[in-house]
Amino acid sequence: MSRFWKPGTEKPRIIDDEEGGVLFYSASASSSSGYGFSSMEKQRQRLPVFKYRTAILYLVETRATTIIVGETGSGKTTQIPQYLKEAGWAEGGRMIACTQPRRLAVQAVASRVAEEMGVKLGEEVGYTIRFEDVTNNDLTRVKFLTDGVLLREMMDDPLLSKYSVIMVDEAHERSLSTDILLGLLKKIQRRRPELRLIISSATIEAKTMAAFFSTRRHRGPDNGPKKEPAILSVEGRGFSVQIFYVEAPIPDYLRAAVSTVLSIHDQEPMGDILVFLTGQDDIDAAVQLITEEAQSSRKQGLIVLPLYSGLPRADQDLIFSPTPRGKRKVVISTNIAETSLTLEGIVYVVDSGFSKQRFYNPGFDEHQSEITDIENLIVAPVSKASARQRTGRAGRIRPGKCYRLYTEEYFVKEMPAEGIPEMQRSNLVSCVIQLKALGIDNILGFDWPASPSPEALIRALEVLYSLGVLDDDAKLTSPAGFQVAEIPLDPMISKMVLASVEFGCSEEVITIAAVLSIQSVWFPGRGVQKELDEAKLRFAAAEGDHVTFLNVYKGFLESGKSSNWCHKNFVNYHAMKKVTEIRLQLRRIAQRLGIVLKSCESDMQAVRKAITAGFFANACRLEPFSHNGLYKTIRSSQEVYIHPSSVLFRVNPKWVVFHSIVSTDRQYMRNVISIDPSWLTEAAPHFYQRQLLNPNPSQV
DNA sequence: GAGCACTGC
């Protein structure tokens, strides 16, 4: 392999900070390496990361793990994989991998890199995301993929042996799959000392990450790479953003945001405004208030647009249309604009300091009044890291301004430095089964970048045990456990799919599984509620929502997958296309697993039994003499109601199972199907004892 | 008769 620093040039300078074996590297100010003359090369050399090229390659060669802290615009994501390739890390049939948390980013980065390298996408440079594998086994040397896909690859190749370097990008986001991946990569490193890791993060939290990867206690052979990770900091290329705080805490961030927008419009030069609020309700209200205020005070030139993921596609696209001359665009957004979408042309950011965050309470205390074992969405303060990210959105085209709707004292003294990793805020059922499938037996002792609570892990193990996926020794059962792990769905849905074989309705249940893994089959939008309700009635099935989905899917197929048909029936065309994609993938996996694909035609009892086999833990009984539709869960007697969007709303069958709960002032069951209670004991005799089911037989 | 931050396989 070639050497990475040029012979005769100065060796990279390394400064030891004497803390935990972590090294900081400081690049010499200029880089004189004259290489490449094309304009593409010149563009590449102008990126901030370029002057660290030698340093990065030096560290990757000498260290098992290198942590790169880089702000946006540093060029690290597109350049580092190319540096590695140029330095020979993809020689001898080996590959360089670079992971991203999101599909769109994978596609965008891969095509950019292919373009810079002057190769056809899918050959030397390729990418893999769910449903799309644009790689070539013989040719691809640099591969971009989502971290979820890399995790799946580990099921076939647990040591990821074809990769010489794996770069995990956006690690600061601490997503569930990034954290699982990091934990597993650390394990792989012990077995494969030649494997190099690059962890790329936007925040200084890098030190925590370095501590995680530091393995000085287990000294390896002296000839291998040094085990202590190095941290290298690469500056970004954003413009400066001036930050303003409120002087005293404000009671109502919605109104404060509205008035801030109006005064920016009054007093500041042209430039678009991005406002971060928490959710659809706040955003729609703010859009209306700003529009009204602007009209009543005859302010001209404001284009106010909402932005959240539930918005119809066409409305989302409005955000990207260029602002007409003399106008000012105001985008009111959830934190979708913090990471997933980048808006160009933003000069002003207004940050409420809040976002909706998922929290999970595994709930073992039976006396607590709040509902447990449910993921909840709660409005909570953001972290400093998020606040900085939001601020940075104002400095992409020229120096900008950021208005924080909280005090500087709050920011400095009270705002947490980092958000809580998703691992510590989620139900871990999927996560645990993935580790089990990779042969990690001691889940409680697994070395996580951020340990989840033992309660959450135990709860996940319990659920998997009750599904028959884990045995008494907490090992995957065969074949059910291995099959459930192989199916890329929530384990309860996967179990439902497996059970459908015995009831002869796998074709129908696979459709239901696909629908349950997307947001909604219905077209979003509150303005057309009445029409949507009427449209739903055309498909409504007495059995419940799952059978209703089958009717929608059937109609969609009979229309020839027509977008026009969807439009007429208030069905979301993009969602239905995704359903057909997921369905195809599931059919392929089912065939590989030897699952018999069979339709039960109109036998909906078979379908309901299969659903019960996966979701028996979500069984509920209507309270006797209940006049307002109060149900109680069988497992823990928690009070729940059927959501008004369900076709079973006000129908209130005696026994139901639900797919999920939305928790507001009440707990609402979403996607509900009526069942016969005897199916519960058939599906999970160990879980339901007969006496629990029939405390009062006369009322059943 | 009510309300869904955001990803991903």
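Here the structure is a predicted model, which is why all the values come from computation and not from measurement. Just so it is clear: chains get the letters A, B, ... in the order the sequence lines come, proteins before strands, and each one is counted from 1.
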Q: Can you list the residues that meet the salt bridge (Lys or Arg N to Asp or Glu O under 4.0 Å) rule with A:E153, with sequence neighbours excluded?
A: A:K143
Q: Mind checking A:I582 for me? I need base, sugar-phosphate or nothing, with any heavy atom below 4.0 Å counting as a touch.
A: nothing
Q: Round to a whole Å and report the spacing from CD1 of A:I180 to P of B:dG8.
A: 15 Å
Q: Counting any heavy atom closer than 4.0 Å, what does A:T664 reach on the DNA or RNA strands: base, sugar-phosphate only, or nothing?
A: sugar-phosphate
Q: Taking only the side-chain nitrogens and oxygens of A:S645, find out if one of them lies under 4.0 Å from OP1 or OP2 of B:dG3.
A: no
Q: Measure the distance from CG on A:L145 to P on B:dG8 and round it to the nearest whole Å.
A: 13 Å
Q: Whole-Å distance between B:dC6 P and A:E338 CD?
A: 12 Å
Q: To the nearest angstrom, how far is A:I661 atom CD1 from B:dG3 atom P?
A: 14 Å
Q: Can you run down the salt bridge (charged side-chain N to carboxylate O under 4.0 Å, His left out) pairs that involve residues 581-590 of chain A, sequence neighbours left out, and say none if there aren't any?
A: A:E507-A:R583, A:E507-A:R587
Q: Within this structure, what is the CD1-to-C1' distance between A:I642 and B:dG3, rounded to whole angstrom?
A: 17 Å
Q: Is the distance between the ring centroids of A:H567 and A:Y573 under 6.0 Å?
A: no
Q: Does a salt bridge link A:R388 with A:E338, judged by any charged N lying under 4.0 Å from a carboxylate O?
A: no
Q: Flag this pair as yes if the NZ/CZ of A:R670 is under 6.0 angstrom from the six-membered ring centre of A:F658 and inside a 45 degree cone about the axis; otherwise no.
A: no
Q: Do A:T278 and A:K356 pair up side chain to side chain, a donor and an acceptor below 3.5 Å, judged on atom types alone?
A: no
Q: Which residues in residues 101-109 of chain A have a heavy atom closer than 4.0 Å to any atom of DNA chain B?
A: A:P101, A:R102, A:R103
Q: Write down the distance between CZ (A:R358) and C1' (B:dG8), rounded to a whole number of angstrom.
A: 11 Å
Q: What nucleotide among B:dC4, B:dG1, B:dC9 has an atom nearest to a side-chain atom of A:R650?
A: B:dG1
Q: What's the OH-P distance between A:Y127 and B:dC9, to the nearest Å?
A: 12 Å
Q: Assign each of A:D147 and A:Q357 to its nearest nucleotide of DNA chain B by heavy atoms, then name whichever residue's nucleotide is nearer the 5' end.
A: A:Q357
Q: Is there a donor in the side chain of A:E422 and an acceptor in the side chain of A:S426, or the other way round, less than 3.5 Å apart?
A: no
Q: Within the structure shown, what part of the strands sits under 4.0 Å from A:F131 by heavy-atom distance: base, sugar-phosphate, or nothing?
A: nothing
Q: Starting the side chain at C-beta, find the nucleotide from B:dA2, B:dG3, B:dC9 nearest to A:D665.
A: B:dG3
Q: To the nearest angstrom, how far is A:Q389 atom CD from B:dT7 atom P?
A: 15 Å
Q: Donor-acceptor check, side chain of A:R425 to backbone of A:R358, threshold 3.5 angstrom: yes or no?
A: yes
Q: Using the side-chain heavy atoms of A:T334, tell me which of these nucleotides is nearest: B:dC4, B:dG3, B:dA5.
A: B:dA5
Q: Would A:F354 and A:Y253 count as a close aromatic pair, with their ring centres under 6.0 Å?
A: yes
Q: So does A:D284 reach the base of B:dG3 with its side chain, donor to acceptor, closer than 3.5 Å?
A: no
Q: Tell me whether the OP1 or OP2 atom of B:dA5 has a side-chain N or O from A:T278 closer than 4.0 Å.
A: no
Q: Which sits closer to the 5' end of DNA chain B, A:T146 or A:K356, going by the nucleotide each is nearest to?
A: A:K356
Q: By the 4.0 Å heavy-atom rule, please label A:I336 as base, sugar-phosphate, or nothing.
A: sugar-phosphate
Q: Among B:dA2, B:dT7, B:dC9, find the nucleotide with the atom closest to the side chain of A:P644.
A: B:dA2
Q: Counting side-chain heavy atoms from C-beta on, which of B:dT7, B:dG3, B:dA5 comes nearest to A:Q280?
A: B:dA5
Q: Give a yes/no answer on whether the side chain of A:S177 brings an N or O atom under 4.0 Å of OP1 or OP2 in B:dG8.
A: no
Q: Which of the following nucleotides, B:dG1, B:dC9, B:dT7, is nearest to the side chain of A:V149?
A: B:dC9
